[in-house]
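Working notes, beginning with the structure itself.
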2 protein chains.
Amino acid sequence: MTITQLKYVLSVAEYKNFTIAAEHSFVTQPTLSMQIQKLEDHLGVLIFNRSKKPIELTDVGLKIVEQAKVIVNESNRIVDIVHQHKGFVGGEFKLGIIPTVMPTLLPMFLNNFTKKYPKVKLIIEEITTEEIIKKLSDNHLDAGLAATPLENEMIKEMPLYYEPFVGLIPKEHRLFHKKEIESSELEMEDILLLEDGHCFKDSVINLCRTYNTDNNRGFKLESGSFDTLIKLSKEGLGMTLLPYLHTLDLSEIDKKLLRDFTSPQPAREISLIYHKSQLKMQLVEALKNSIDGVIRGAISFSDVKIISPLQKKAN
Amino acid sequence: MTITQLKYVLSVAEYKNFTIAAEHSFVTQPTLSMQIQKLEDHLGVLIFNRSKKPIELTDVGLKIVEQAKVIVNESNRIVDIVHQHKGFVGGEFKLGIIPTVMPTLLPMFLNNFTKKYPKVKLIIEEITTEEIIKKLSDNHLDAGLAATPLENEMIKEMPLYYEPFVGLIPKEHRLFHKKEIESSELEMEDILLLEDGHCFKDSVINLCRTYNTDNNRGFKLESGSFDTLIKLSKEGLGMTLLPYLHTLDLSEIDKKLLRDFTSPQPAREISLIYHKSQLKMQLVEALKNSIDGVIRGAISFSDVKIISPLQKKAN
DNA sequence: TAGTTTTTATTGATAGTTTTTATTAAGTTT
DNA sequence: AAACTTAATAAAAACTATCAATAAAAACTA
């Protein structure tokens, strides 16, 4: 039994297809077929049920695959140990970022990070939280940036910052003439929200507890961008909440519609997330340090309203 | 990086000598040397410091060895998974048994076990508790039978039975004329005990708490057998405690010196112990079931009557 | 210090394996 | 039934692990 054989098994288990699995393993299909046969012979069991299309795992196959994942992960860790010892921070690092964080956070740390760690080849992908979770589990991503908490057993979270929401109130709205809004004044019925990241831990105002996605407003919002939200809001379909960093590039006219919240402000928690197996942890730590650095210094977080939630949480 | 290479590394780490490690790995020394060099080249670090005699691990080497142990253990588990699936209970099973348990317990379960699991090649070794612990940690034993608790992080315990101690009181002793002894009457100063297994969990009379090995009796006992203890006791050097099963083959004359304890009796806990990695668990479970079967329900330390099935079998 | 022993590294031959290309077989789809 | 997918098989080529023999280095010895 070799680690290579186990990797081939994992590849077939993932793609349910020998040919595709072979491509992803950078070998030809017969190579992969033979090695898997050899392993099956050695163990005296069939791992795959080849009669089903697409190929299925046998009962033992399922258990073997789970154990193979453990073994392959643990062997990858050897390289981590060596890198850590050499103080080497490098290699490929695949990072997934949710769309609503990408444009604001990426420009802030990318330069800083690539300068500090020139040996790292950052591969960044803009994908949804759900896909990040899936890809972290499959080892197709090394880490992700998303709104937390996720409450997923497989995934560890490293909170980076808390980004307060600012209200965007259309002219006709009942709260338009207020200078500041209190959370208690919010009527969940007339707020437009993205699914993305409005659930929080206890210490922050938790919008998702009161926010009902099955509202009786007559339409359901599936948009992934705040731009759509802003337009809908200005059409008079209700107020909305924008993450603070997204309000910075609004037009002067639109900025007039913004209303801050009184403390405690609603906010979203943005975290660096990674698989519980904690592979490539030096890289994850390096990324966290880079982001921490820019958040503390580079951005104008002199603003009291942003600093306060940050300070609350920063232990 | 291959599992074979990692096994070679573990072997050298254990024996601190390439030649001996090679023998234990059933390959020639150049083979082993080359494979370790290849791994070191691949990782770009030295695992061993060959200039020191005996060979030492480097700093990274130490961490690599720890991780290699994990990987090798986890890969052994694949075979376990297959065996479990096939319902196959077989292969080599190396069991260490402490001297004071060996003669009483082994004859009771050995026949039963080998008949029930003919495919298992039991390799039994009579060794001390300390050596069992060491060999379990090195993977040179699959399980052990010893008096517990051991309070060792690495080792899991599966209690099998509680064996009460019976007092052996020489004629001159102050307690000789008592029919039964109460634990409270014991004077630790005049009891001869083996180091072996007189420590207990809370629920049992705990002799080791009060028993001071640095006694001021003028001699220190290092014997490993109860026979010596009996002789010393009859010489008038003090009373002693014998595990119940050991009292069965005393001569009729010696049996006259025995005194039972009133409830709660002092007793020793005998457990099946194994490494926390839980390899070959089907075999461990099989062994436990066999022993349980012979003992027919756990022996309660507080009730002499429950011991009767043991007595039946032993006679 | 020179000789002896012990231990690890090196070399070259060989057996064994992995991988590849090309082909066949089996099963689907059109 | 032809066209297409997909996995298994065969044979050749590339590669690797292993061994025996030996060299080199280090540690004793006398």
Side-chain angles (χ1 to χ4, degrees), chain A residues 1-62 64-65 68 71-72 75 78-79, chain B residues 1-62 64-65 68 71-72 75 78-79:
Chain A
M1 189 178 72
T2 67
I3 296 171
T4 311
Q5 286 171 344
L6 297 177
K7 283 182 182 168
Y8 292 164
V9 167
L10 290 187
S11 196
V12 176
E14 184 177 351
Y15 298 108
K16 312 287 181 205
N17 176 310
F18 278 67
T19 314
I20 296 169
E23 278 166 22
H24 283 268
S25 306
F26 308 105
V27 289
T28 57
Q29 168 265 312
T31 299
L32 186 134
S33 287
M34 288 276 265
Q35 287 307 314
I36 287 179
Q37 272 182 44
K38 270 192 64 176
L39 181 60
E40 286 179 328
D41 284 358
H42 170 72
L43 296 176
V45 289
L46 285 178
I47 298 171
F48 298 103
N49 179 352
R50 294 153 170 85
S51 66
K52 293 272 183 68
K53 303 280 150 144
I55 277 171
E56 277 180 12
L57 281 164
T58 61
D59 289 350
V60 227
L62 206 70
I64 290 173
V65 163
I71 297 167
V72 171
S75 37
I78 293 260
V79 182
Chain B
M1 188 178 73
T2 68
I3 296 171
T4 312
Q5 287 171 344
L6 297 177
K7 283 182 181 166
Y8 291 165
V9 167
L10 290 186
S11 196
V12 175
E14 185 178 353
Y15 298 107
K16 312 285 181 203
N17 176 308
F18 279 66
T19 314
I20 296 168
E23 278 166 22
H24 284 267
S25 306
F26 309 106
V27 290
T28 57
Q29 168 266 314
T31 300
L32 184 136
S33 287
M34 284 212 76
Q35 287 307 314
I36 287 180
Q37 272 181 41
K38 269 191 63 176
L39 181 60
E40 287 179 326
D41 284 357
H42 170 73
L43 296 176
V45 288
L46 284 178
I47 298 170
F48 298 103
N49 179 352
R50 293 151 170 88
S51 67
K52 293 271 182 69
K53 301 283 147 149
I55 276 171
E56 277 180 11
L57 281 163
T58 61
D59 290 351
V60 226
L62 205 72
I64 290 173
V65 163
I71 297 166
V72 171
S75 36
I78 293 262
V79 182

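In the text below, chain A, chain B and the rest are named by the order of the sequence lines, each starting its count at 1.
For B:Gln35 (side chain) and B:Gln5 (main-chain N/O), no donor-acceptor pair under 3.5 Å exists by modelled atom type.
Taking side-chain N and O atoms only, A:Asn17 has no distance below 4.0 Å to OP1 or OP2 of D:dT5. Put simply, A:Arg50 has no side-chain N or O that comes within less than 4.0 Å of OP1 or OP2 on D:dT6. A close approach under 4.0 Å does not occur between any side-chain nitrogen or oxygen of B:Thr19 and OP1 or OP2 of C:dT7.
The closest side-chain donor-acceptor pair between A:Gln29 and A:Ser33 falls under 3.5 angstrom.
At whole-Å resolution of the value, OH in B:Tyr15 and C1' in C:dT8 are 19 Å apart. Spacing between atom NZ of A:Lys52 and atom C1' of C:dT28 amounts to 17 Å, rounded to whole angstrom units. The interatomic distance linking A:Glu56 (CD) with D:dA7 (P) rounds to 14 Å, in whole Å. Whole-Å rounding puts the A:Leu46 CG to D:dA8 P distance at 10 Å. Residue A:Ile47 contributes atom CD1, which lies 15 Å from atom P of D:dA7 at whole-angstrom precision. D:dT5 atom P lies 12 Å from atom CD1 of A:Ile20, rounded to whole Å. The interatomic distance linking B:Ile36 (CD1) with C:dT7 (P) rounds to 16 Å, in whole Å. Atom pair A:Asp41:CG and D:dT9:C1' shows a separation of 14 Å (rounding to whole Å applied).
The environment of A:Met1 atom CE is dense: over 12 non-hydrogen atoms of other residues, nucleotides or ligands sit within 6.0 angstrom. The number of heavy atoms from other shown groups lying within 6.0 Å of CG (B:Asp59) does not exceed 12.
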*Would you write the dot-bracket representation of DNA chain D, where each base gets (, ), [, ], | or . depending on whether it forms a Watson-Crick or G-U pair under 3.5 Å and with which partner?*
||||||||||||||||||||||||||||||
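Tested against B:Ile78 for a side chain to side chain contact (heavy atoms under 4.5 Å, CB included), the candidates A:Leu39, A:Ile71, A:Val60 yield a single pass: A:Ile71.
Taking each heavy atom of B:Phe48 and B:Glu40 in turn, the nearest pair found is N-OE2, 3.3 Å. Taking each heavy atom of B:Asn49 and B:Thr58 in turn, the nearest pair found is N-CG2, 3.9 Å.
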Please produce a list of atom pairs where a protein N or O lies less than 3.5 Å from an N or O of nucleotides 12-19 of chain D.
from, atom 1, to, atom 2, distance (Å)
D:dA17, OP1, B:Lys38, NZ, 3.3
D:dA17, OP2, B:Lys38, NZ, 2.5
D:dT18, OP1, B:Tyr8, OH, 3.1
D:dT18, OP2, B:Tyr8, OH, 3.4
D:dC19, OP2, B:Thr28, N, 2.7
D:dC19, OP2, B:Thr28, OG1, 2.9
D:dC19, OP2, B:Thr31, OG1, 2.7

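Using cut-offs of 30° and 60° on the angle between ring planes, the pair A:His24 and A:Tyr15 is parallel.
The side-chain heavy atoms of A:Leu57 and A:Leu62, taken from C-beta on, include a pair separated by under 4.5 Å.
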